[in-house]
Amino acid sequence: MAKSTYSAGDIKILEGLDAVRMRPGMYIGSTGVRGLHHILWEIVDNAIDEAANGFADRIEVVLCADGSASVEDNGRGIPTDIHPKQGVSGVEVVFTQLHAGGKFGQDAYGYSGGLHGVGASVTNALSEWLEVKVFRKTVYEMRFHSYLDEKSGKVKSGVPEYHLKDTGVKTNKKGTFVRFKPDKTVFETTEFSLETISRRLKELAFLNKGLHIVLSDERSGTSVEYKYDGGIVDFVKYLNEGKTALYEPPLYAKAEKDGVIVEFALQHTDTYTESVFSFVNNIPTPEGGMHETGFRSGLTKVLNDYARRENFLKDKDANFMGEDFREGLTAIICVKLKNVQFEGQTKTKLGNPEVKPIVENVTIDELDALSRNRKLEETFENVIKKAQAAARVRIATRKAKEIARANKSIEAQNLVGKLAACSGRKPELNELFIVEGDSAGGSAKQARVRQTQAILPLRGKPLNVEKKKLDQILQNEEIRTIISALGAGLGANFDLEDLRYHKVIILSDADQDGAHIRAILLTFFFRYMRELVNNGHVYIGMPPLYKVYKKDVFEYAYDDNELQKAIEKVGKGYQIQRYKGLGEMDPEQLWDTTMNPATRSLMQVTVEDAAEAEKMITVLMGDQIEDRKRYIQQHANFNKEDSFIKEVRK
Ligand code: 28F
């Protein structure tokens with residue numbers, strides 16, 4: 001049984017607590033509202049440690065009406081017997097000795113936090129009074145208080161009123177109860193925040209599977225309880241509420257390696273952001289550190305291996321990037337270790353370098369095992385599919401950046417001899433005719449209105465951009481010339497403001513070749529100058545197929561139907577000229593039939609349904625021959641490459 005009087009010989013040890021009161025900031029960071037909560041967390045952390053070590057499963061926190069707070073756990077109870085070295089009870093050691101062994105001997109006590117690691121004695125030192133009860137068959141009690149010493153004129157902190165006493169009162173309870181009143185002369189505010197405390201207690205409940213935490217606020221008469229039997233799996237589910245998860249339940253693993261306990265839970269959603277939250281010994285590490293780095297590289301490796309093993313990646317394919325696997329990822333990573341080193345701006349970054357390979361290896365081993373579980377086949381497939389989508393976007397974005405860079409050199413391109421520019425300086429009035437073939441180009445140059453009509457003859461077929469990488473596309477002279485002539489850049493860098501021609505008119509022959517050239521150009525515009533199409537700047541010139549004439553009367557016909565009507569109009573003795581191509585028309589005919597705004601026929605290209613157009617272009621212009629065949633069969637009525645063109649004669 002501990003002695004129950006307090007003698008002068010015991011005083012020496014308390015000088016440490018007076019130092020705390022002299023410079024509270026050194027021990028709890030600040031005397032503001034954060035510091036106030038800090039002294040509560042010291043007590044809560046001890047209760048959590050007891051639970052984390054498997055001795056307690058319930059913690060109750062009460063914010064009392066008098067400004068005090070109490071914490072109770074149902075653990076073993078702080079030792080009541082006399083500590084062999086200190087000569088006083090374990091309780092007295094805990095509340096009077098400043099960080100007894102950097103938070104009472106981590107070896108004896110297992111893992112404990114580093115942030116609040118200065119211990120319960122600091123809470124005692126900064127309280128008006130503090131009361132402890134230990135329930136071990138009977139109820140033990142001890143009280144401390146701070147007071148102004150008349151003799152020295154100094155404040156004495158956390159002084160025991162008596163040594164730990166056994167009240168003799170029998171109890172069925174076990175555990176520790178601590179109640180303290182923060183000192184008004186220390187803190188700028190002594191009002192506990194229910195919001196701050198409930199948020200953290202909820203987090204602690206997630207981090208400590210099955211731990212029942214009860215929080216009561218006597219000031220407002222409210223109370224909340226937290227208990228998560230799924231632990232961090234429940235944490236991930238909670239974070240993903242309101243989002244669409246790509247699989248259920250979250251992936252989870254826990255393992256120990258080289259004295260470090262690693263636990264993680266993760267689940268992907270259909271969103272695009274990454275939400276990875278990490279903890280060390282229950283302390284949040286928003287700045288990340290070695291554990292997060294290890295987790296990320298382990299995740300990337302194991303998922304790439306899986307993708308290859310399951311043939312999502314073929315031999316020639318490059319690996320996914322880590323970021324591809326983290327798009328829409330919600331994850332919680334928890335590690336527990338001794339001798340934590342915190343770094344960073346706010347000391348919330350794990351600095352221990354040995355932790356990186358440990359977490360990486362645990363992540364690889366555990367996730368690899370899960371990925372070989374046939375029941376999780378669909379889960380992993382969904383993870384890879386999400387990464388495939390992310391990779392596609394990543395590559396497209398990179399292309400856009402390359403395009404932006406390439407643009408600069410394109411601008412400087414010399415157009416002399418190719419483009420017959422117009423003299424007018426008003427883009428809204430200007431028209432660019434992209435004409436198939438040199439001879440039609442020559443006629444068009446002669447026929448045009450110089451001020452508003454520019455002619456760009458295409459010599460060969462432009463490149464089918466759908467099948468090519470951007471660098472190849474930009475090597476194609478025809479394409480470069482078009483980009484340069486329009487002057488508005490391309491890709492992400494495309495800017496309508498800089499467009500030199502508000503009508504871009506494709507003039508190609510009404511045959512197979514012409515249709516192909518048209519489709520190639522439209523694909524290029526759709527892929528790299530979408531705005532141009534969306535804003536209705538792209539047109540298709542419609543050269544007539546027939547001329548029906550007699551002396552000086554004539555009619556043009558654009559199809560067989562119109563041919564019949566033309567024949568009726570011209571009447572007896574008519575003659576028919578069938579145009580094989582634009583090249584057969586003389587400048588005057590070309591002007592009349594295709595270029596004169598008063599008499600010509602243009603089709604405006606619009607995209608009615610971008611998703612449909614996208615799919616169609618991918619299938620028709622891409623290199624999946626089987627897909628193309630199937631698509632064409634399914635859309636039997638499908639007017640070849642031009643079906644996303646809405647016909648508007650202008
Ligand atoms: C309300 C806050 O502080 N709970 C605690 C224990 C249990 C032990 C312990 C604490 C004494 C001197 C190291 C019991 N039996 N809740 C709490 N529960 N501290 S604090 O021991 C601390 C030792 O130095 C405990 C066996 N081992 C440890």
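These numbers come from the heavy atoms of this one structure, side chains and all, not from hydrogens, waters or symmetry mates. Whatever order the structure lists them in is the order used to number ligands and atoms, beginning at 1.
- Between Arg136 and ligand 1 there is a heavy-atom distance shorter than 4.0 Å.
- When the heavy-atom distances from atom 20 (S) of ligand 1 to Ile78, Val132, Val61 are ranked, the shortest goes to Ile78.
- Looking at Thr123 and Glu42, their side chains never bring a donor and an acceptor atom within 3.5 Å of each other.
- Listed by chain and residue number, nothing satisfies the side chain to side chain donor-acceptor pair (under 3.5 Å) test with Ser275 (two or more places apart in sequence, or in another chain).
- Ligand 1 has at least one atom lying under 4.0 Å from a heavy atom of Gly77.
- Using a 4.0 Å cut-off to heavy atoms of Asp73, the atoms of ligand 1 that qualify are 2 (C), 4 (N), 5 (C), 16 (N), 17 (C).
- Atom numbering of ligand 1 starts at 1 in the shown order; those under 4.0 Å from a heavy atom of Val178 are 1 (C).
- The local environment of CD in Glu310 is crowded, with over 12 non-hydrogen atoms from other residues, nucleotides or ligands closer than 6.0 Å.
- Here is the list of ligand 1 atoms found below 4.0 Å of a heavy atom in Val71: 1 (C).
- Partner of Arg58 under the side chain to side chain contact (heavy atoms under 4.5 Å, CB included) criterion, chosen from Ile213, Leu211, Val214: Val214.
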*Show your working on ring pair (Phe, Tyr, Trp, His ring centres under 6.0 Å) between Phe135 and Phe177 and close with a plain yes or no.*
CA-CA 8 Å; Phe135 308 106; Phe177 169 92; 7.0 Å; no
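- Under the 4.0 angstrom criterion for non-hydrogen atoms, Pro79 is in contact with ligand 1.
- Below 4.0 Å from some heavy atom of Ile43 lie the following atoms of ligand 1, by number and element: 1 (C), 2 (C).
- In this model, no donor atom of one side chain and acceptor atom of the other lie less than 3.5 Å apart for Glu141 and Thr167.
- Looking at Arg76 next to ligand 1, an N or O pair under 3.5 Å apart turns up.
- Both tests pass for Lys386 against the ring of Tyr272: distance under 6.0 Å to the centre and angle within 45° of the axis.
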